[in-house]
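Input: a single structure, listed below in structure tokens.
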Protein chains: 2
Amino acid sequence: MPPDPYQRDCPSRKLLDRIGDRWTVLVIATLEDGPRRFSEIRRRVDGVSQKMLTQTLRALERDGLVTRTVHAEVPPRVEYALTPLGRSLLDPLGALMRWATEHLGEVEQAQQAYAA
Amino acid sequence: MPPDPYQRDCPSRKLLDRIGDRWTVLVIATLEDGPRRFSEIRRRVDGVSQKMLTQTLRALERDGLVTRTVHAEVPPRVEYALTPLGRSLLDPLGALMRWATEHLGEVEQAQQAYAA
DNA sequence: CGGTATCCTCATAGATACTG
DNA sequence: CAGTATCTATGAGGATACCG
């Protein structure tokens, strides 16, 4: 029996939740073109708090989507990069982001029509 | 300037949040093969409360992704169906669900490795 | 620089009860 | 059947302070 996110206790539902998470989507996309430092990601993903970014990155690390590399320098430099598994998420998440930006106008029109 | 979900106040970010929502994903997918009644959707999406399902469906209706049709019968029959705009989300969301089910095993392995 | 720890709040999911 | 209304509590997430 394959995983079934329609079932409430199937682990795939939790996974689906996490990969659709607001910060996860943007963080993964940020790492598309190569390793990035903590502060670079934070600047790129406007509005993410340090706490949430740390939390999101830890979860991605645990799930094997991202690696964390500490360079022994002063000041410390920490770089995050996508694993092959993480890279395999780029297409699905990219499609989602593209949908949101491309269809935003239609959605806003629908909202105005609905208000009336 | 196109919508940019990296910006905290861009409406596309809210939209992205909503289409990645746990219930939204499953509800949209449930409507893939045609109109469904409220109770059918509720049974299919295991664990969703009446409140959350109503809320999710209302949001989808407002955003122009789903239509709501009340059939004047006793007992009342209410059917939900995807609009063309809603159908255009099937591919991106389907890809996301497929990713979650196909890579669940790898993620779980990574989690076990991380624990050690 | 890149965190961790703590506190606090406020949104929202869930449970429950009621209705056209 | 398909909701609405109300209450509660839980936990996501922000603010702040401190640390290696």
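The basis for the numbers below is simple: all heavy atoms, side chains too, and nothing from hydrogens, waters or symmetry mates. Predicted model only: the values in this text are computed from it and were never measured.
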Euclidean distance, A/R13 CZ relative to B/M97 CE, rounded to 0.5 Å = 9.5 Å
When you get a sec, tell me which of D/dG3, C/dG2, D/dC1 is the closest nucleotide to the side chain of B/P76?
-> D/dC1
Does the side chain of B/Q55 get closer than 4.0 angstrom to OP1 or OP2 of C/dA13 through an N or O atom?
-> yes
Audit row: A/R68, A/E79, side chain to side chain contact (heavy atoms under 4.5 Å, CB included) steps and yes/no | CA-CA 6 Å; A/R68 177 176 183 270; A/E79 286 195 322; over 6 Å; no
Please determine if a side-chain N or O atom of A/R68 lies less than 4.0 Å away from the OP1 or OP2 oxygen of C/dG3.
-> yes
CZ of A/F38 versus P of D/dG20: gap in Å, rounded?
-> 18 Å
Rounded to whole Å, the CD1-P distance (B/I41 to D/dC1) equals 14 Å
How many angstroms lie between CG in A/L53 and CH2 in A/W23, if you round to the nearest 0.5 Å?
-> 9.0 Å
B/W23 CH2 to C/dT12 P: how many Å, rounded?
-> 16 Å
How many Å lie between NZ on A/K14 and P on D/dG11, as a whole number?
-> 10 Å
Report yes if at least one side-chain N or O of B/R58 is closer than 4.0 Å to OP1 or OP2 of D/dG3; otherwise report no.
-> yes
Please state whether the phosphate of D/dG14, meaning OP1 or OP2, lies under 4.0 angstrom from any side-chain nitrogen or oxygen of A/S49.
-> yes
Distance-only, no hydrogens or angles: does the B/S12 side chain make a donor-acceptor pair with backbone N or O of B/P3 under 3.5 Å?
-> no
May I have the distance from B/E79 (atom CD) to D/dG3 (atom P), rounded to whole angstrom?
-> 12 Å
According to a strict under-4.0 Å criterion, is A/Y80 in side-chain N/O contact with OP1 or OP2 of C/dC1?
-> no
Spacing of B/L53 atom CG relative to D/dA2 atom C1', expressed in whole Å = 10 Å
Which nucleotide in the set C/dG2, D/dT6, D/dG3 lies at the smallest distance from any side-chain heavy atom of B/K51?
-> D/dT6
Between A/R8 and A/L57, the residue closer to the 5' end of DNA chain C by nearest nucleotide is A/L57
Within this structure, what is the CD-to-P distance between A/E40 and C/dG3, rounded to whole angstrom?
-> 13 Å
Distance, rounded to the nearest Å, where B/Q50 contributes CD and C/dT19 contributes P | 15 Å
Toward the 5' end of DNA chain D, which comes first, B/R77 or A/V48, by nearest nucleotide?
-> B/R77
Would you say a side-chain N or O of B/R37 is under 4.0 Å from OP1 or OP2 of D/dC1?
-> no
Does the distance from a Lys or Arg side-chain N to an Asp or Glu carboxylate O, for B/E102 and B/R98, drop under 4.0 Å?
-> no
